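Below, chains carry the letters A, B, ... as their sequence lines are ordered, and counting in each starts from 1. Just so we're clear, the structure is a prediction, and the values are computed from it rather than from any experiment.
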4 protein chains.
Amino acid sequence: MTTTKKNRKQEILDAALACFTEHGVEATTIEMIRERSQASVGSMYHHFGNKESIAATLYVEALVEHHAWQQSLLEKARTAEDGVKAIAFAYIDWVSANPDKARFVLYNRSVLAKTPQADELKERTRKQYTEILAWFQPYVARGELKKVPQELYASLITGAAHDYARMWLSGRARTDIKAYREVLAEAAWSTVKP
Amino acid sequence: MTTTKKNRKQEILDAALACFTEHGVEATTIEMIRERSQASVGSMYHHFGNKESIAATLYVEALVEHHAWQQSLLEKARTAEDGVKAIAFAYIDWVSANPDKARFVLYNRSVLAKTPQADELKERTRKQYTEILAWFQPYVARGELKKVPQELYASLITGAAHDYARMWLSGRARTDIKAYREVLAEAAWSTVKP
Amino acid sequence: MTTTKKNRKQEILDAALACFTEHGVEATTIEMIRERSQASVGSMYHHFGNKESIAATLYVEALVEHHAWQQSLLEKARTAEDGVKAIAFAYIDWVSANPDKARFVLYNRSVLAKTPQADELKERTRKQYTEILAWFQPYVARGELKKVPQELYASLITGAAHDYARMWLSGRARTDIKAYREVLAEAAWSTVKP
Amino acid sequence: MTTTKKNRKQEILDAALACFTEHGVEATTIEMIRERSQASVGSMYHHFGNKESIAATLYVEALVEHHAWQQSLLEKARTAEDGVKAIAFAYIDWVSANPDKARFVLYNRSVLAKTPQADELKERTRKQYTEILAWFQPYVARGELKKVPQELYASLITGAAHDYARMWLSGRARTDIKAYREVLAEAAWSTVKP
DNA sequence: GATGAATGAGCATTCATTCAT
DNA sequence: CATGAATGAATGCTCATTCAT
């Protein structure tokens with residue numbers, strides 16, 4: 001019984017992600033999540049308050065996981081090239097390991113908008129981005145990284161990986177993104193190499 | 001009267017795009033489009049048959065415009081570098097000139113899926129992509145363009161621009177993508193430069 | 001067909017009043033009204049927008065009817081006593097002739113509160129009351145009617161009738177209020193007789 | 001501990017009355033009462049069994065208080081006029097001293113209907129009314145009080161006060177009913193004065 | 001081609017109540 | 001006596017779509 005208690009919330013989240021993957025967020029009904037999670041409607045509302053909040057929780061959870069993994073790879077990097085590739089690797093690894101969560105995040109940023117978590121997450125993301133820029137700053141200063149407008153670094157470094165991830169996760173491309181780990185990281189580096 | 005006829009359909013499309021931009025596709029109701037277009041519900045169904053069809057028409061229309069522009073730029077290119085940059089420029093120009101359409105296309109690929117137009121568009125897109133690959137083929141053969149798996153070219157060349165376009169169109173970045181026309185084209189080229 | 005069109009709205013109102021009488025406003029569900037009126041849910045919402053609005057429409061309609069009748073009786077009165085009794089008679093006649101509407105109005109003033117019609121009705125009622133006070137004014141000035149604080153006249157004149165109407169309409173008293181027409185009018189007059 | 005016990009139940013009743021006053025009985029949820037009373041849901045159900053029972057308890061409590069006060073005033077009366085005015089005074093005093101309870105009782109008679117306490121209370125009220133009629137009986141017999149149908153006495157004597165109390169308690173009249181103690185008592189007497 | 005009243009399946013959400021701890 | 005997570009029936013309302021005029 002003690003174990004079931006703690007899992008109930010997670011069971012709902014798991015069921016929700018599966019439904020979102022299968023039918024899309026908008027097309028997923030509370031009833032679908034209920035059936036899949038074996039929780040009662042009341043229980044779902046007891047834990048999350050409303051449908052959007054389930055999606056928002058999932059969204060934040062996913063980003064936090066990715067951020068953590070990104071951080072751990074970036075810490076080990078000692079050169080500009082290693083840093084840039086760490087960003088690319090972290091993204092590719094995470095997408096390949098968590099395709100459902102990645103697909104959910106990539107295709108449902110809008111679910112966050114209407115949500116109370118939105119601002120909190122926005123702030124967290126901003127801070128995260130600032131930290132990464134700070135990490136690269138010395139290299140830019142030393143000319144070991146190309147100097148471009150700050151708001152462009154993310155798109156240059158992760159653009160190709162984001163794009164291919166979308167292709168793969170939506171079924172328009174067949175090959176697991178992991179197979180292109182090196183090519184994509186190399187491309188990332190080439191865009192900001194001095 | 002002949003003019004009114006043609007306009008009525010376009011008025012509906014314009015109103016629909018405005019609604020989609022403002023509220024998102026799923027949240028837009030037939031009633032909203034009706035109010036904005038000053039058409040009657042019956043008229044909308046006469047012209048389009050159902051709601052999805054309006055979105056699909058808009059979607060195809062937008063892609064066709066972009067494709068046409070892309071084609072016209074690519075025709076003039078005489079080197080691999082010019083070709084790659086033509087792809088980037090075409091995308092950036094189109095996004096900057098048609099932000100609403102671009103936003104609609106970027107954020108609503110899924111609306112197409114359920115639609116009859118889906119297969120036709122898929123085929124058109126595939127053919128378009130094949131043509132572009134064919135254009136690049138000689139350069140790859142001559143070693144004037146890096147050889148990578150075919151399904152990667154698109155992501156490498158347009159990934160960064162796609163990514164920044166999303167940032168800008170969703171309000172997460174402030175600067176008009178047009179300002180980064182050169183940087184993004186340069187980045188595109190760097191990813192496939194031999 | 002032309003006849004059905006106009007009646008649909010009234011059919012819904014009639015069904016609603018019957019349901020409200022039978023189960024009370026809060027306990028009446030949209031489904032009950034739908035079943036009784038043979039209209040579709042959509043039709044009900046097309047005409048009224050929401051459940052409260054049905055009740056509010058009924059409420060205003062009832063008051064307007066009573067006001068009209070009151071006015072017509074008051075017009076004929078030529079003495080203070082006749083005027084006072086006209087008010088009492090108008091109320092008693094209307095309650096006896098429209099017990100369901102009267103019950104609905106007496107027991108559901110609160111449904112108005114949350115409604116857009118509230119302010120409009122409030123204003124209308126205020127104006128109505130002002131007119132009646134104006135009618136009595138000369139008699140008060142001439143000492144043919146007792147002078148009491150303005151906000152008390154209504155309670156003095158109609159209090160007893162209101163009270164008995166509640167008793168009768170809720171089943172706590174058996175005798176039709178019409179039977180006490182004269183006694184109640186006499187009582188009304190006695191409270192303000194100089 | 002004995003004190004806490006008794007208080008807990010009263011705390012719930014107090015919180016409930018406050019909620020009923022603020023939102024109305026139907027709109028008040030168990031959750032609202034729980035939050036305001038700082039009791040747990042389980043505790044509320046332990047003490048009262050269900051939501052209606054809370055309202056019913058409050059209702060009976062209020063009537064008992066009023067009855068007691070009425071009795072104490074009526075005991076001292078020695079003439080018909082004093083008796084009639086005692087009824088009026090008792091009501092006015094109680095309303096002015098307990099506006100929330102009075103409002104609750106005036107506007108929620110229907111909550112009692114569905115309740116087990118209903119019959120008991122009905123009987124108690126009937127007995128109370130019978131006693132009062134008995135008190136007046138000798139005066140009627142002696143012609144010191146007007147003879148009217150029995151079921152009318154209550155409305156004649158308290159109608160005006162009831163009516164004004166409703167006006168005041170619902171915010172439609174500004175002046176504390178206490179200010180009209182004498183006028184209303186005088187009016188009550190005038191309706192049954194021989 | 002145009003109109004808009006009518007339709008009704010489908011959905012998110014609420015809330016009184018239960019009961020294991 | 002107290003607690004609060006869990007339950008699920010019930011409800012108001014939305015909205016794409018139809019069709020008679």
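The side chain to side chain contact (heavy atoms under 4.5 Å, CB included) test applied to C:Gln38 returns no partner, not counting sequence neighbours. Applying the side chain to side chain donor-acceptor pair (under 3.5 Å) criterion to A:Glu35, with sequence neighbours excluded, gives no partner residue. For D:Val25, the side chain to side chain contact (heavy atoms under 4.5 Å, CB included) partners are D:Phe20, D:Phe104, D:Asn108, D:Val111, not counting sequence neighbours.
F:dG4 atom C1' lies 15 Å from atom NZ of A:Lys9, rounded to whole Å. Rounded to an integer number of Å, the gap from D:Lys51 NZ to E:dC15 P is 8 Å. Taking atom CD1 of D:Ile54 as the reference point, atom P of E:dC15 lies 15 Å away to the nearest angstrom. Taking atom OH on B:Tyr45 and atom C1' on E:dG4, their separation rounds to 13 Å, with Å as the unit. Remark: C1' of F:dC1 and CG of D:Asn7 are 15 Å apart, rounded to the nearest angstrom. Between A:Arg8 atom CZ and F:dG4 atom C1' there is a gap of 15 Å when expressed in whole angstrom units. Between B:Met44 atom CE and F:dC15 atom P there is a gap of 14 Å when expressed in whole angstrom units. The nearest whole Å value for the distance from the CD atom in D:Glu11 to the P atom in F:dC1 is 14 Å.
The gap from the P atom of E:dG1 to that of F:dT21 amounts to 23 Å, rounded to the nearest Å.
A distance-only check finds no donor-acceptor pair linking the side chain of D:Ser37 to the backbone of D:Glu11 [under 3.5 Å]. Side chain of D:Ser53 to main chain of D:Phe48: a donor-acceptor pair is present (N/O by atom type, distance under 3.5 Å, no hydrogens or angles).
Nearest-nucleotide positions on DNA chain F place A:Gly42 closer to the 5' end than the other of C:Asn50 and A:Gly42. For the pair D:Gly49 and C:Ser43, nearest-nucleotide mapping onto DNA chain E gives the more 5' position to C:Ser43. Heavy-atom distances to DNA chain F give each of B:Glu52 and C:Glu52 a nearest nucleotide, and the one nearer the 5′ end belongs to C:Glu52.
Taking side-chain N and O atoms only, C:His46 has no distance below 4.0 Å to OP1 or OP2 of F:dT14.
The shortest distance between side-chain heavy atoms of D:Gln117 and D:Thr57 falls below 4.5 Å. Side-chain contact check for D:Ser43 versus D:Arg8: some heavy-atom pair is nearer than 4.5 Å.
Pairs passing the side-chain hydrogen bond (donor to acceptor under 3.5 Å, both in side chains) check and including a residue from residues 14-23 of chain A, sequence neighbours excluded, read A:Gln10-A:Asp14, A:Glu22-A:Arg36.
Within residues 20-37 of chain D, no residue has a heavy atom under 4.0 Å from DNA chain F.
Nearest nucleotide to the D:Ser40 side chain, out of E:dG4, F:dA2, E:dA6: F:dA2. Listed nucleotides F:dA6, F:dA2, E:dA2 differ in distance to A:His47; the shortest reach to its side chain belongs to F:dA6.
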Legend entry - Strand DNA chain E as a dot-bracket string - pairs counted if Watson-Crick or G-U with both distances under 3.5 Å, | where the partner lies in another strand: .||||||||||||||||||||
Inset, instruction - List the steps, then state whether salt bridge (charged side-chain N to carboxylate O under 4.0 Å, His left out) holds for B:Asp119 with B:Lys122. - result: CA-CA 5 Å; B:Asp119 288 337; B:Lys122 208 171 174 178; 5.4 Å; no
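Closest approach of C:Arg109 and C:Tyr59 over heavy atoms only: CG-OH, 3.3 Å.
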